[in-house]
There are 2 protein chains.
Amino acid sequence: MEDVTTTTAVRELPHPAREEIRLETVLHALADPTRLRIVTTLDTFGEGEGLGATCSQVDVPVSASTLTHHFRVLRESGVINQCYRGTSKISCLRRTDLDPLFPGLLDAVLNAARNV
Amino acid sequence: MEDVTTTTAVRELPHPAREEIRLETVLHALADPTRLRIVTTLDTFGEGEGLGATCSQVDVPVSASTLTHHFRVLRESGVINQCYRGTSKISCLRRTDLDPLFPGLLDAVLNAARNV
DNA sequence: CCCGTAGTACGGCGGTTATCGTACTAGGCG
DNA sequence: CGCCTAGTACGATAACCGCCGTACTACGGG
């Protein structure tokens, strides 16, 4: 399907551009207990180069396919960034985009989620 | 059905107590465009005694029954307070409860919603 | 080259949601 | 009392969501 010219193809994942991130979608993504748990966990892993967490590093009581689903919802809503590294996939929060777009929102949610 | 002993019965509406308000539920309530519109409108009407807005003062393109539904979701999630005043129903934000529970959350959402 | 690990695509199932129309109740006014 | 306005309760419907299992792909190591 794709023009794979090298043996190690870069598997890209679709992300919304910063301008495409919508508040309602972000809120919807954060409104699920499982995803909220994922987000709070990712927050402890950092966002820089070489940082982030794999899917299996997040401890949530759902099946693998459900986990994939939740990560996709978070990615497509613009909450997290995902890239492949070897056989695993690294996820991290998109603070660089979210904080300018919705100042204080992510921090307020994370802070509230931790105190529950 | 009810024991209406006086001609002017006080019609009470069920609200969750402050401790019963859950973050996920609040986020879910705010994740709908129509409800977000309602909330931003209510914010401009104030929260004090004698303040607040009636259902019909909110300009959203939905039917009356759908509007009732959205107001109920907001009330049952703890986002708004509702009381009857004569033939109409007054709604206002529950900042007094929300702000201590989730510091900065409502302001961040309202601020983000206004800049869209 | 084969296999294990990590993650995905797909289809299905059951519960929730947003929407509406219709029929109804509550309160105020003449 | 009769009527109007404001809001509600109910039922229907179509869409969506969270969850799962199964079958699959991608990469890296022995």
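All values below come from the heavy atoms of this structure, side chains included, with hydrogens, waters and symmetry mates left out. As the structure is a computational prediction, the values presented were derived from the model and not from experiment. Within every chain, numbering begins at 1; the chains are lettered A, B, ... in the order of the sequence lines, protein sequences first and strands thereafter.
For DNA chain D, the residues of residues 25-33 of chain A within the heavy-atom distance limit of 4.0 Å (strictly under) are A:H28, A:D32, sorted by number.
Checked against C:dG7, D:dG7, C:dT19, the side chain of B:K89 finds its nearest nucleotide in D:dG7. When each of C:dT19, C:dA9, D:dG7 is scored by its nearest atom to the side-chain atoms of B:T34, the top-ranked nucleotide is C:dT19.
Across all strands shown, B:T68 has heavy atoms under 4.0 Å from base atoms, whether or not it also approaches the sugar-phosphate. Residue B:H69 is in base contact, counting any heavy-atom pair closer than 4.0 Å across all strands shown.
Taking atom CG of residue B:L67 and atom C1' of nucleotide C:dC20, one finds them 13 Å apart after rounding to whole Å. C:dG27 atom C1' lies 13 Å from atom CD1 of B:I90, rounded to whole Å. Remark: C1' of D:dT8 and CG of B:L74 are 16 Å apart, rounded to the nearest angstrom. Residue A:R85 contributes atom CZ, which lies 12 Å from atom P of D:dG28 at whole-angstrom precision. The distance from atom OH of A:Y84 to atom P of C:dG7 is 9 Å, rounded to the nearest whole Å. In this structure, the CZ atom of A:F71 is 14 Å from the C1' atom of C:dT8, given to the nearest Å. Residue B:E24 contributes atom CD, which lies 18 Å from atom P of D:dC17 at whole-angstrom precision. The distance from atom CD of B:E12 to atom P of C:dA26 is 15 Å, rounded to the nearest whole Å.
Atom CG of A:L42 and atom CG of A:L51 lie 11.5 Å apart (nearest 0.5 Å). For the atom pair A:F71 CZ and A:K89 NZ, the distance stands at 7.5 Å (nearest 0.5 Å). From B:L105, atom CG reaches atom CG of B:D99 across 9.0 Å, with rounding to the nearest 0.5 Å. Once rounded to the nearest 0.5 Å, the distance linking CD1 of B:I80 with CD1 of B:I90 reads 11.5 Å.
For the pair A:H70 and D:dC17, the criterion of a side-chain N or O lying under 4.0 Å from OP1 or OP2 is not met. An OP1 or OP2 oxygen of D:dG7 is reached within less than 4.0 angstrom by no side-chain nitrogen or oxygen of B:R72. The side chain of A:S56 places no N or O atom within less than 4.0 Å of a non-bridging phosphate oxygen (OP1 or OP2) of C:dT5.
Side-chain contacts under 4.5 Å among hydrophobic residues (ILVMFWY), followed directly or transitively, place A:L13 together with A:Y84.
Listed by chain and number, the residues in a salt bridge (charged side-chain N to carboxylate O under 4.0 Å, His left out) with B:R85 amount to none (sequence neighbours excluded). For B:R18, the salt bridge (charged side-chain N to carboxylate O under 4.0 Å, His left out) partners are B:D97, not counting sequence neighbours. Looking at residues two or more places apart in sequence or on another chain, you find a side-chain hydrogen bond (donor to acceptor under 3.5 Å, both in side chains) between A:H15 and A:N81.
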Name the pairs: protein N/O against N/O of nucleotides 20-23 of chain D, kept only if under 3.5 Å.
from	atom 1	to	atom 2	distance (Å)
D:dC20	OP2	A:S63	N	2.8
D:dC20	OP2	A:S63	OG	3.4
D:dC20	OP2	A:T66	OG1	3.1
D:dG21	N7	A:S65	OG	3.2
D:dG21	O6	A:S65	OG	2.9

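Between B:L36 and B:V109 the shortest side-chain heavy-atom distance falls below 4.5 Å.
Smallest separation of non-hydrogen atoms from B:F45 and B:Q57: CE2-NE2, 3.7 Å.
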